[in-house]
Amino acid sequence: QRVLLLVASDVDALCACKILQALFQCDHVQYTLVPVSGWQELETAFLEHKDQFKYFVLINCGANVDLLEILQPEEDTFFFVCDSHRPINVVNVYNDTQIKLLVKQDDDLDVPAYDDIFRDDEDEEEDSENESDGSEPSEKRRRFEEDVIERTMRRRQRREWEARRREILFDYEQYEYHGTSSAMVMFDLAWIMSKDLNDMLWWAIVGLTDQWIQDKITQMKYVTDIGILQRHVSRHNHRNEDEENSLSIDCMRIAFEYDLRLALYQHWSLYESLCNTSYTSSSLKLWSVQGQKKLQEFLADMGLPLKQVKQKFNSMDISLKENLREMIEESANKFGMKDLRVQTFSIHFGFKNKFSASDIVYATASLMENIEKEGPETTNFIKALDSLSRGNLDKLHQGLDLAKKQLRAIQQTVASCICTNLVISQGPFLYCSLMEGTPDVKLFSKPVSLCLLSKYLLKSFVCSTKNKRCKLLPLIMAAPMDVEQGTVIMVGIPPETESSDKKNFFVRAFEKAADSTNSRTLHNHFDMSIIELKTEDRSKFLDALVSLLS
Amino acid sequence: SERMSKFKNKGKNSDALRRQRVEVSVELRKAKKDEQILKRRSVSFSLDESVSPGEDKKSEIPELSLDDIVEALNGSNEELQLEATQAARRMLSRQKDPPINQVIKLGIIPRLVEFLSRADNAALQFEAAWALTNIASGTSDHTKAVVDGGAIPAFISLLSSPYMHISEQAVWALGNIAGDGPMYRDVLINCSVIPPLLALVVLPLPSLLLQRGSYTSPVFQVGFLRNITWTLSNLCRNKNPYPPADAVKKMLPVLVYLLLHDDKDIISDSCWAMSYLTDGFNDRIQTVVDTGILPRLVELLSSPELTILTPALRAVGNIVTGTDQQTQEVISAGALTVLPSLLRHAKPTIQKEAAWMLSNIAAGSCQQIQQLITHGLLPPLVELLEKGDFKAQKEAVWAVANFIMGGTVEQVVELLQAGVLKPLLNLLSAQDSKTILVILDTISNLFLAAERLGETDRLCLLVEELDGLEKIEALQNHENNMVYHAALQIIEKYFSGE
């Protein structure tokens, strides 16, 4: 039986896909891979293939809507859903025939109890059956006791139950958030089947790192999952350490590290990385003159010559690099950057190629959202997927170059938004809209880039503003999507606070605002806090949001 | 069969043809009805707790044994009488296994009937009425026990009780008695149940409420009216004999009024009443047609509610079994406009009834057949033959048979052009000999028409092309002798040339 693999366009999904592909290969399972970037594509892909396939695997899509409702599959069609989107739709949870969810057992789903949301309405059904089948009235009728009191009671109970159900579902569906990385779930599966390989482990690491870089999970969750993966890493890479001298060209080794939270620094210059990393740039307020001055002071404090700092990291003096991490960390502490050190993993290919997990995430994500058209729609996806294989260093390097461009574009846009006061408080939320003609605006019509931009911008804004109330607000960001069709892409992100639970309430708010204003919106993204909207409808939509959230 | 012999008998009048259809369908219905007897409908009945005087003390009432009940009932303490009646009623109202037989054996029915006339104690009247209603809801023996206890006159006088809930309970009890069959139905009618029953409907509701006191909930009125409608429908129900014509004439205007109500249960039950009244001889049909209710019945054929559509279609279907004139009234009321969608209805039973109706209209005059064509009924007929439910297909076969027999040559040609022949021939593979015979007979009739046009060869060719010849040949081996003969006759007459 051939399987259809439907994979969303995010790095975690790609990693999960790689693991599954390896497992399929192992077991000689035939499959067809179809990338899907949104609900519309998912539906089309399903319709196109439903006659040839009975088994569908959905990666990072499908969990948070009622699949049976939107796809209307035949009864002999089965869906295996591995998706980090939460909350999982309750029908998907409780359907035990056609929908199989792949979730980690210890993931706390908080799904409402079955009896609280579903009810087997025998009585009601009896009634309606009799009422709807058009059969002749009975010739004699007994009057039941319950006709008088119990019926009223039952009706009252039913109303109460329904009100409670609405409340429970409202609470359950109120926030969008993310569960365990799909790549990690898939790796768990491989491990349980004793088919886990070091490559798979690496993909699981990249998947988790993607969640962290996209700010999809809490710090706590990240650290916990790193711990889990660390045990697998030592299990898999234990032997290699003994044979360190016999490193061969195609050998691969994963190592746990406390590394610097500086984007791509090993493939860039330290200076560029400091300037284009959200954490450092917002902490130092690099968009301002004082910020630039502070950066100089910071570098001087470390005792690093500017010339060294600005050249490629690879070419820096070995002597400087030796205690670099400690030196940077020490100075960073003085400048209020206490979290510059992060737990992560790195990978060595052969002797000279070393990448940190975040390098791979940035590179892969950039390949996926490459705005230079290089062929049909799926080219980016395939290229990004390929870059994850260890033989494809050239693609990976191309991805790193694109990632640098992306990070620079984000940083420049953040700086200009802050300097020109483009972030405005609307009362219950902050709002920033990129104009048509802004440099790099095309890049930000892509969801992942737009989300990164929003998160970086919000971080920077929180550091720049003196308004305490504004520091606690969520942000809505809009960018032109398709000029000809007159649409904008809009994303809402939760407030930037240290204790943030990363839960996003904009999904429901967007739905309601669109409903109440008849705005022409398209909820096409698997992340439902991203929507597309007709430009003309934007102001009434925002007005509705303001009054809704005030 | 009798039907076949009539059918083959050329020159019979179409009324006879129709009559036969009625007999067949009546049989089908009776079978269906028998299935339904065991099903009890629990109609929603809203009654505020406070309205029922007996209900407030529910929690205080102790469980009484059957012996206690008998003793208290026969005693003279009114409070104990009420308690015991209530206990009995409660047992009879429970969902599972009500002890109807035991209660009858206690011999308390006459006493309960006596309580019905205790106008000074409304609570006792109500409890007794409810208990007796539930006893009467059982088998015929159970109903008989209630009637033998003298309940009929007592309930009829309770119809005029000043308390609405008591009057309603009486309506319910009388409905159960009427539903038992034609005998008790006519006993009730002879006891003049109809005038006070109709008075409950005919009184304009506001004044009724004023007169009767404080019950003003509109839901309550609807519930009451539903019960009345159901009881009236039982008074129209059953045959051998049919209910007396003068009783029917009294009830009809009120049923017409109820049919205009907007509650779907009331419409449904009054539609069923109409379907009972239109079942039978043409003079019965005429009585209903004369009320001018046909446009409303036809309007209800578009109802999305199966509970309304089903009886409405039955009533209209019954009417077209009548004379050409009666059928014409149905056509003039616009029934043919909705008929195509009914033939394509998702429910097989509706398809079947609609096809049955179509077959009876096709048994009418050439003008009426022409109306079928102009209203676009040929395509849905062909569709039904192709892929309808089998029972509906059988009715569709009859429609084609009647059409071909009664239609002009031009009309028959038009039917053929609509593609009727292929699905008709396909149905020769059906398991049902009766249907096969009708089809073979229809094919013979087609050939007769073709002969008149000098187109026999073309028809032969057509039948052969559609694999019909193969099927007819195969039928020469059919176990049914009549099928075998009919098939053989066609082969010999038209296909033995080569």
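Below, each value reflects all heavy atoms present in this structure, side chains not excepted, and no hydrogens, waters or symmetry copies. Order of the sequence lines sets the chain letters (A, B, ...), proteins ahead of strands, with each chain counted from 1.
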Ring centres under 6.0 angstrom apart (A:Y55, A:F79):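 No, the ring of A:Y55 stays outside the 6.0 Å limit from the ring of A:F79, centre to centre.
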Option that, when pairs with chain A are counted at under 4.5 Å, heavy atom only, ranks first among B:N234, B:N134, B:T310, B:I308: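 The option with the most such pairs is B:N134.
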Any B:E305 side-chain heavy atom under 4.5 Å of B:I267 side chain: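 B:E305 does not reach B:I267 side chain to side chain.
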Side chain / backbone / both / neither for B:L309 at chain A, heavy atoms under 4.5 Å: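 Neither part.
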Heavy-atom proximity to chain A below 4.5 Å, by part of B:A136: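 The backbone, not the side chain.
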Sidechain N-carboxylate O distance under 4.0 Å for A:D116, A:R165: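 Not counted as a salt bridge, because no side-chain N and carboxylate O are separated by less than 4.0 Å.
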Check ion pair A:R520-A:E536 (N to O, under 4.0 angstrom):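 Salt bridge between A:R520 and A:E536, a charged N being under 4.0 Å from a carboxylate O: yes.
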